[in-house]
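Chain identifiers are assigned alphabetically (A, B, ...) following the order of the sequence lines, protein sequences preceding nucleic acid strands; residue numbering begins at 1 within each chain.
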Amino acid sequence: MSEFKIVGKPIPREDARAKAKGELKYADDFSLPGMLYGKVLHSKYPAAKIISIDTTKAKQLPGVHAVLTARDVPHNETITRFGQSAEVGKGFEGLYRVLADKKVRFRGEAVALVAADTEEIAEEAAALIEVNYEPLPGVFDPVEAMKPGAYLVGEGDSNIICKFGCSQGDIKKGFAEAEVIIEDTYQVPFVDHAYLETEGGVAWIDEKEVINIRVGSQVIEHFRDVAEVLGLPHNQVRYIGTMMGGGFGGKEDITVETYLALLTWKTKKPVRLFYTREESILCHSKRHPFIMHYKVGAKKDGRLVALEAELISDAGAYPYLSPWVNLYATVNAAGPYCIPNVKINTYCVLTNNTFTSANRGFGAPQPNVAYESLMDELAYKLKIDPLEIRRKNCITTGKSLSTTGQVFNTYVALPEVAEKAWKALGETKKVEDKNKRIGRGLAIGLMSYGRMTFLHDTSRCYVRLESDGSVLIRSGIPDLGGGQVSLLCQIAAEELGVPMSKIRIYYSDTALTPLAGTTTATRQTYMSGNATLKAAREIKKRIIQKAAEMMNVNPEKLVIGEEKIIVKYDSAQYLPLLEVIKACNTEGIELFCEAQFKGPFTMVPDLSNIRGTIFPDFTFGAQAVEISVDIETGQVEVLKLVTCYDVGKAINPLSVEGQMEGGSIYGMGYALMEEVVMEKGVTLTPSFSEYIIPTAADVPEVEAILVESGGGLGPYGAKGIGEPSCSIIAPAILNAIYDAVGVRIKSLPATPEKIIRALKKHYFEGR
Amino acid sequence: MSTSRLLTQEFEYFAPHTLKEALDLLYKYKDEEVKILAGGTDLLVKMKTLDMKIDYLINLKEIPELKAVETNNQGLKIGATVPLSQLERREIIKEKYPALYEGIKSMAAIAIRNMATLPGNICNASPAGDTIPPLMVYEAQLRIVSKEGERLVPVEDFLRGVGETIIRKEELVSQVIIPAPPSNSGSAFSKKSRVKADIAKINLAIWLEREGKTCKDARIVLGSVFIKALRAKRAEGLLKGEMVSKELLTQVARQAAEEIKPIDDVRSTAEYRTTLARVMVEDTLKLAWERAGGELEG
Ligand SMILES: Cc1cc2nc3c(=O)[nH]c(=O)nc-3n(C[C@H](O)[C@H](O)[C@H](O)COP(=O)(O)OP(=O)(O)OC[C@H]3O[C@@H](n4cnc5c(N)ncnc54)[C@H](O)[C@@H]3O)c2cc1C
């Protein structure tokens, strides 16, 4: 590929200036005259029958405009979707219930909605709603919930939402051949997305009777789902997405949009509704806890011969995206290893806990904790170096995924990233304190980017070259703060040979911007990047064609750059871009284009044995850490953290590094401290004084190593990095703890309390 | 559901400019729901998230006489509304009262310390308050004033339990008085928390007075291990008048860990706190002893 001018350069992002100056208008920075304030009344029980709801007193309170219950919702029960347009059948679609009806399934479930003149009145009115509950026993442990006769969370006859499997080879034969077998159970907890910006927005009805919802959402395609709840045509609901203060999967499901739409529809006034931090933690989705039972068999030389795993995940009270998350977990369950005999079974179970759904990594981080701990265990048992055992077993170019059999024909960077990450730890740090033990850990992994191929994913983008040489882009792309919007600008600037300052972009509007699909599944660089590339290249082709005519040279001889059309090898010969634009405009040549990019399409797989191509491609990475563990306090300090991924091509290296560093810290919190503690469905960690995440002061030295193989499916060979970046660090830290003090923590988070307890046990039992 | 976004209740707000005015107001409303506001970093959180009825709120931050810090060779007198971030910048605190300096530095982030005050931390009476163990080991006293007079109360006697103190509704704390420590003494603070800016799992302060190789006097106070900051008196007893050695410090630390009465909560477990207390007391004893000019043998 030729030299890049803008792509691949560490340049300031399109949104950087407004954010730095505090000028960007997030969802919360917006109001309308006469706006009402919405409030949700949440269930106080995790499991209860609703005997009656009396809204009389609430409605009588001066300043209250609406009090709504399930009865007021035109279609209170629909289906959870996440923006897909292909039919995928029953296996994946769960019940989406707007307001609790007859029965509540979790503490924090929405029971009623209020709109009032002020937030204070709304709050007071919510407290005046009299809900008569009859508490029910509920079930809070997925293993209990799976048993016959268990309390039924929903209306169905089983709490099991889905059961997936995949296998290859002959598992019995595999274990018979094994010379060493290790078996263990690993557990990971509920965690919160903990974005800076909680869920919220403002809705109003315009003069065309369209419900406009200005909201932070990763999936603006939910306008269709909201329309269905209200029984309105799809084109009567419009999402205007804002730049987000973080999404991490938490804004992938509908959050408050249906509530906003209902309240504005009933009152005919603008309504604003924002979750408090407590509501965000108590009432919205969490990452799935998993119980993972693994058995792995190997030869004495470390070669893997068999892997069997049973994964049970807690869906909480409603399915939301649980089936999808479990599909990811199933496909990822055997990790990035070549194993001839594999058998995976995954169960996803309803309980009366807060519901779980998408969270950065989407089912990939959980099994990674299990299999990378096991690989480490195996390495110690067989006295093989942690890098060596991974090198020996990992997938390489041309090999296939051991769960689905999907073959990798492009470069598989696993050996390279593993070596680079491990080497980058450098010299062992010296510590003075005699109680502090140094340890190192390595983990590798893979995660898909782009949606499951049977979802038939597409994205669109509109690009227009203005008569003065400026560029306008319209894309439905939602930006979570990851730089999604800026990326499209960079691609258009590169292709059309104009500086970033000449690009203007309109994004995330279901009425006015071409739908770009969801900012989920680490798909936007790949999907919308390609759509933008396609649109921009189409315009470029027309410009070059025209310039070639004007200069009387072969179009192949021309390149575009610095607002000029230049003859290759003779930069003195050129035409200013502006002149070519003028000529095109005079002749009516279209300098705009809306292009669609299509991912590969496949059929819905057999869910009992998922085989074949499920994802377009994967990103491969490795993480290594050096830590110290205080043997007297159990305190872990991460001294150095290395993150190394093959990102294909870093379109903006600063953004990519930002993702890799941020992802590492996200995963470090998972490893060491984060846990939404639920006791019989009651959240004991409802705010940031109980739910602890790493602060800036806790961030260690992070080294991000970018491998750029150019082998990705995205523009210029880019791969996705957003989710993969957080999916591997946790086991690297667990492995380092083992290396430092000889105890293996098998349930996250690895708190000092757990480490000390394990150390005492280790000491007394002599292991 | 509690909400951290809203201050829903209505109350009357006063920002008096003299101490007298403030005391008159407190006296006037002493039989009503009246509250003092200093930095507000505890109070506002509580007003938003707990069912707390307040009819009158009196802000002390506009009163010039409460903003002063007086130093002389007797010690330090700190006005009630001096923000913690100002205290941490004073050389004298860093030099003479290192446990207090370290306690303040360990608290929250700078934004909070720019608002928060010492009396706020004490009157809030959290078992985990980070300035309390240091103030207790320095034998700090509170000047408590009301319209009718004033009294001096040691911090140790001021606290009664979780959120409970002996202050009366017509009173306020106007000053924190910390005596000058003798020259042969040393002190230190230690804290363990889940992340850097966090409430303590355990905090503690130790003050030792040295006479040659002997520990003449000792004060050991631990926080977050009981309903209020706890003095490990038997541990202190093991030290007083004894020749200091590594073995002795280990023994003292064991004793301190036996005296505490921790519980399981969201931040930690009783079991872990006991382990931690022993380790932290031992390390902090060593540091305080070194700071007192002592050496350790054996
Ligand atoms: C994010 C955050 C982090 C925190 N981290 C820590 C931490 O790490 N360690 C820690 O110890 N604390 C911490 N706190 C708690 C708090 O900041 C401290 O307790 C602080 O010292 C309180 O001081 P203030 O001036 O803000 O008190 P205020 O909130 O103004 O008052 C607290 C209480 O004291 C009373 N009061 C205040 N001044 C007087 C007076 N002069 N006379 C009589 N009564 C008075 C008030 O009426 C109220 O009841 C944290 C708080 C927040 C919000």
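- Neither the backbone nor the side chain of B/D265 comes within less than 4.5 Å of any heavy atom of chain A.
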side-chain contact (heavy atoms from CB on, under 4.5 Å) between B/V195 and A/I693, intermediate numbers included | CA-CA 8 Å; B/V195 281; A/I693 58 174; over 6 Å; no
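- Rounding to the nearest 0.5 Å places OH of B/Y272 at 10.0 Å from NZ of A/K760.
- Between chain A and the options B/T275, B/V266, B/V279, heavy-atom pairs under 4.5 Å are most frequent for B/V279.
- Once rounded to the nearest 0.5 Å, the distance linking CD of A/E690 with CD1 of B/I199 reads 10.0 Å.
- Among residue pairs with one or both ends in residues 628-639 of chain A, those qualifying as side-chain hydrogen bond (donor to acceptor under 3.5 Å, both in side chains) are A/N435-A/E632; sequence neighbours excluded.
- With a 4.5 Å cut-off on non-hydrogen atoms, B/R273 does not touch chain A at all.
- Between A/E753 and B/K201 there is a salt bridge, with a side-chain nitrogen of the basic residue lying less than 4.0 Å from a carboxylate oxygen of the acidic one.
- A/R757 is not listed as a side-chain neighbour of B/T269, based on a closest heavy-atom distance of 4.5 Å or more.
- Expressed to the nearest 0.5 Å, how far CD of B/Q9 lies from CD of A/E124 amounts to 12.0 Å.
- Enclosure of atom NZ in A/K44 is not indicated, since only 12 or fewer non-hydrogen atoms of other residues, nucleotides or ligands lie within 6.0 angstrom.
- Residues of residues 114-128 of chain B lying under 4.5 angstrom from chain A, judged on non-hydrogen atoms, do not exist.
- For the set A/S689, A/P752, A/A696, the count of heavy-atom pairs under 4.5 angstrom toward chain B peaks at A/P752.
- The greatest number of non-hydrogen atom pairs below 4.5 Å with chain A, out of B/S268, B/A109, B/A197, is found for B/S268.
- Judged purely by atom type and a 3.5 angstrom limit, B/K196 uses its side chain to pair as donor or acceptor with the backbone of A/A697.
- Crowding of A/K640 atom NZ: a count of heavy atoms from other residues, nucleotides or ligands under 6.0 Å exceeding 12.
- At most 12 non-hydrogen atoms from other residues, nucleotides or ligands lie less than 6.0 angstrom from NZ of A/K57.
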